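Numbers here simply count residues along the sequence, with the first being 1. Keep in mind that what you see is a predicted model, and the values were worked out from it rather than measured.
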Amino acid sequence: MSWSESCGMNNSSAGTVLITAVLPDKPHLLLPVLAYGLLQKTAANRVVGVGRSTGLRSLA
């Protein structure tokens, strides 16, 4: 896992902690943050899958 990949996940995790700490009575606000994390993982999986199927080591 590269530095840029880990930063995205840390920002999502920090967002969930911040929302939970500041607005504990509004758990529905977590949905966009959690959905973003799910979409990010799904998109990363597809990009890595394309790289593996075409024999590319990286897209950069």
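Put simply, CG on Leu30 and CG on Leu23 are 9.5 Å apart, with the number rounded to the nearest 0.5 Å.
Smallest separation of non-hydrogen atoms from Leu29 and Ile19: O-CD1, 3.7 Å. Across all non-hydrogen atoms, the minimal contact from Pro24 to Pro27 is O-CD, 4.1 Å.
Leu34 and Val22 fall within the same hydrophobic cluster, defined by Ile, Leu, Val, Met, Phe, Trp and Tyr side-chain heavy atoms under 4.5 Å apart, directly or through other members. Residues Val33 and Leu18 share a single hydrophobic cluster, defined by chaining ILVMFWY side chains whose heavy atoms lie under 4.5 Å apart.
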